[in-house]
Amino acid sequence: KKRWSMDFYYPNLNNDMWRIFGVLFFNDKDYFLNPTRKAFCRERIIDFLNEKGIALFDTASSVRRLQDNASDKFLEVVEATDIPAMLRRGLPECKAIVTTGQKATDTLRQQLDVEEPKVGDYSEFVFEKRAIRLYRMPSSSRAYPLALDKKAAAYRIMYQDLQLLP
């Protein structure tokens, strides 16, 4: 938490997720920064996500960090989120699920019968007579060795596929 700029998903200023959204939807990588540029603007992010119909949640409800860093390699999933129940009850119109890391992808795939997609691609599966896509996108972490514009290009294809971008 010492590195967080807000109490919400992707809170670290060094993470590119909100810059990717800014580039894609507003042509401004700093769109979601607050006026001091020292934090992301949680309210602006939440309003945007609600407007677009984008939900965020972790694939694990309880985790244990085995080292003091953000690496998935040192993350133990204690309790996985019940994704099928979430799809059934809370997200009946969900068309796609996106994972941005191997641990999240593996945790999700333990619950759903879906082939693992390559990074930047998707696999389609059927959940209770509903076709859903699992997209495996590049990590937004700066530790992932891909420039912001290349990450944004991969996400652009996905959001165009899902008709959230022209």
Asn27 CG: over 12 foreign heavy atoms closer than 6.0 Å: no

Single-linkage hydrophobic cluster, 4.5 Å side-chain cutoff, Leu87 and Leu134 together: yes

Criterion side-chain hydrogen bond (donor to acceptor under 3.5 Å, both in side chains) on Gln110 and Asp106, from CA distance to verdict: CA-CA 6 Å; Gln110 289 171 359; Asp106 293 344; over 6 Å; no

Residue pair Tyr135, Tyr159: steps toward the side chain to side chain contact (heavy atoms under 4.5 Å, CB included) verdict: CA-CA 10 Å; Tyr135 284 87; Tyr159 284 118; over 6 Å; no

Taking every non-hydrogen atom, the tightest pair across Val98 and Met137: CG1-CG, 3.5 Å

Test item: Asp28 and Val23 side chains (from C-beta on) under 4.5 Å apart, heavy atoms: no

Heavy-atom pair with the smallest gap, counting every atom of Met6 and Ile45: CE-CD1, 3.6 Å

Hydrophobic cluster identity match, Tyr10 and Met158, side-chain contacts under 4.5 Å: yes

Verdict with supporting geometry, Ile97 and Val114, side chain to side chain contact (heavy atoms under 4.5 Å, CB included): CA-CA 11 Å; Ile97 299 172; Val114 56; over 6 Å; no

Single-linkage hydrophobic cluster, 4.5 Å side-chain cutoff, Val119 and Phe125 together: no

Gap between atom CZ of Arg88 and atom SG of Cys94 - 0.5 Å precision: 13.0 Å

Proximity of Tyr155 and Phe25 rings by center, below 6.0 Å: no

For Ala80 against Thr107, the heavy-atom pair lying closest together: CB-CG2, 3.8 Å

same_hphob_cluster(Leu112, Val77) at 4.5 Å side-chain heavy-atom cutoff: no

For the student: nearest non-hydrogen atoms of Tyr122 and Glu124, plus distance: CD1-N, 4.2 Å

Of Met17, Arg44, Arg19, the residue whose pairing with Phe32 passes side chain to side chain contact (heavy atoms under 4.5 Å, CB included): Arg44

Atom CD of Glu115: over 12 foreign heavy atoms under 6.0 Å: no

Output a table of donor-acceptor pairs, distance under 3.5 Å, between side-chain atoms of residues 46-62 and any protein atom two or more places apart or on a different chain; print 'none' if there are none.
unit_1, atom_1, unit_2, atom_2, d
Asn50, ND2, Ile46, O, 3.3
Ser61, OG, Thr81, OG1, 2.9

Contact summary for Leu162 and Ala96, nearest pair of heavy atoms: CD2-CB, 3.7 Å

Reported NZ-to-CZ distance for the pair Lys95 and Arg133, which is rounded to 0.5 angstrom: 11.0 Å

Rounded distance [0.5 Å steps], CE in Met86 versus CD in Gln111: 9.5 Å

Working for side-chain hydrogen bond (donor to acceptor under 3.5 Å, both in side chains), residues Thr99 and Arg136: CA-CA 5 Å; Thr99 57; Arg136 172 65 168 91; 4.5 Å; no

Nearest heavy atoms of Ser5 and Phe40, plus distance in Å: OG-N, 3.2 Å

Spacing of Asp113 atom CG and Ser123 atom OG [to the nearest 0.5 Å]: 10.5 Å

Single-linkage hydrophobic cluster Leu165~Ile20, side-chain heavy atoms < 4.5 angstrom: yes

With sequence neighbours excluded, residues passing side chain to side chain donor-acceptor pair (under 3.5 Å) with Asp82: none

Do any side-chain atoms of residues 138-148 form donor-acceptor pairs under 3.5 angstrom with protein atoms, and if so which ones, sequence neighbours left out?
unit_1, atom_1, unit_2, atom_2, d
Ser139, OG, Ser141, N, 3.1
Ser140, OG, Asn15, OD1, 2.7
Ser140, OG, Asn15, ND2, 3.3
Ser141, OG, Ala143, N, 3.0
Arg142, NE, Asn14, O, 3.3
Arg142, NE, Asp16, OD1, 2.9
Arg142, NE, Asp16, OD2, 3.4
Arg142, NH2, Asp16, OD1, 3.2

